[in-house]
Amino acid sequence: MLQRLTDIAREAGEIIRSAREVERTVREKTGPRDLVTKYDLLVQEYLRRELLKLLPEAGFLGEEDENREDLSEKEWVFIVDPIDGTTNFVQGFHNSCVSIGLARRGQMEYGVVCNPYDGELYAARRGEGATLNGAPISCADKALDHSLLIFGSALYYRELVPETLRLFNAAFPLVQDIRRFGSAALDLCYLAAGKAGVFFECRLCPWDYAAGSLIAQEAGCVVTQMDGTPLDLFRKCGVLAGSPIAWQGLREVFQNQKGEIL
Ligand code: 2AM
Ligand code: CA
């Protein structure tokens with residue numbers, strides 16, 4: 001299964017990599033911060049077809065679905081983002097990926113994330129560790145002050161801007177430095193590979209974190225909601241993730257903040 005998911009992610013990645021004149025195919029969903037292109041839809045249809053060939057009884061949850069199917073009776077569910085990092089894709093900023101998760105009864109079993117621009121493919125099977133292009137990876141083991149913090153700005157939710165900036169301000173003096181790349185799935189994989197120590201974003205959708213959360217966990221990371229509770233695979237939530245030491249450090253910083261942590 002994992003090998004086949006890997007092949008499908010690479011083939012889907014090829015559609016992204018060979019896309020041309022992307023800006024001519026852009027449609028604004030709710031505004032200029034929320035985009036979809038012809039390629040998001042093309043890749044999602046490719047994934048739906050190939051993944052359901054692999055496991056016909058599975059449900060399918062994809063970002064670009066207009067009508068969501070009822071998944072409550074499904075044992076297996078694919079949770080898919082055809083292009084995570086769509087704004088990067090439109091701008092020609094090569095940090096986007098195909099993200100494929102496969103969950104069984106609400107628990108992630110397989111995750112594959114492929115960045116077609118640099119050929120990096122992250123994969124994990126629950127209980128069997130995580131890999132980057134087939135080689136085992138593990139998270140960093142550094143305290144917060146020696147860790148890069150990656151954050152996401154939850155820019156789709158205006159009401160979360162003050163909270164995000166407050167947490168940014170609280171964390172900034174205590175980490176080595178801060179990065180913002182624009183693809184939550186890749187951000188979680190960067191933790192898995194030890195390229196950064198910790199990540200937060202105040203609200204994401206399941207297809208943004210399904211695959212990446214398993215990859216990060218299998219590499220030794222802690223991945224939770226902002227309040228430390230487990231992620232929900234079927235509703236939007238905030239994500240706080242990192243190597244155990246950096247995750248703990250950031251969690252304490254956020255807990256010491258007055259106000260509600262989402
Ligand atoms: P996308 O590129 O697939 O749109 C950036 O902050 C991260 O948030 C990206 O992973 C982005 O995914 C994701 N994102 C996009 N739309 C979102 C939405 N409506 N709610 C939450 N996260 C979203
Ligand atoms: Ca997307």
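Predicted model only: the values in this text are computed from it and were never measured. Start at 1 with the first residue, then count along the sequence. One-based numbering, in listed order, for ligands and for the atoms of each. Only this structure's heavy atoms are used, side chains among them; waters, hydrogens and symmetry mates stay out.
- No heavy atom of Trp207 sits closer than 4.0 Å to any atom of ligand 1.
- Checked against a 3.5 angstrom limit, the closest N/O atoms of Ile83 and ligand 1 fall inside it.
- Within 6.0 Å of the NE2 atom in His94, the count of heavy atoms belonging to other residues, nucleotides or ligands exceeds 12.
- In this structure, atom 23 (C) of ligand 1 lies nearest to the protein heavy atom Tyr156 CE1, 3.2 Å.
- When all heavy atoms of Ser96 and Phe93 are compared, the pair lying nearest together is OG-O, 4.3 Å.
- In the displayed structure, Arg235 atom CZ is contacted under 6.0 Å by at most 12 heavy atoms of other residues, nucleotides or ligands.
- Atom 2 (O) of ligand 1 has as its closest protein heavy atom Gly85 N, 2.5 Å.
- Checking Asp84 against the Ca ion (ligand 2), every N/O/S atom stays at or beyond the 3.0 Å cut-off.
- The closest approach between Asp40 and ligand 1 stays at or above 4.0 Å for every heavy atom of the residue.
- The Ca ion (ligand 2) has an N, O or S atom of Asp81 inside 3.0 Å of it.
- For Ile83, the nearest N, O or S atom to the Ca ion (ligand 2) falls under 3.0 Å.
- Any N or O atom pair closer than 3.5 Å counts here, and Tyr157 shares at least one such pair with ligand 1.
- Dense packing is recorded around CG of Asn133, with more than 12 heavy atoms of other residues, nucleotides or ligands lying under 6.0 Å away.
- Here's the thing with Ala184: one of its N/O atoms is less than 3.5 angstrom from an N/O atom of ligand 1.
- Backbone and side-chain nitrogen or oxygen atoms of Lys236 are examined, and none is located within less than 3.5 angstrom of a nitrogen or oxygen of ligand 1.
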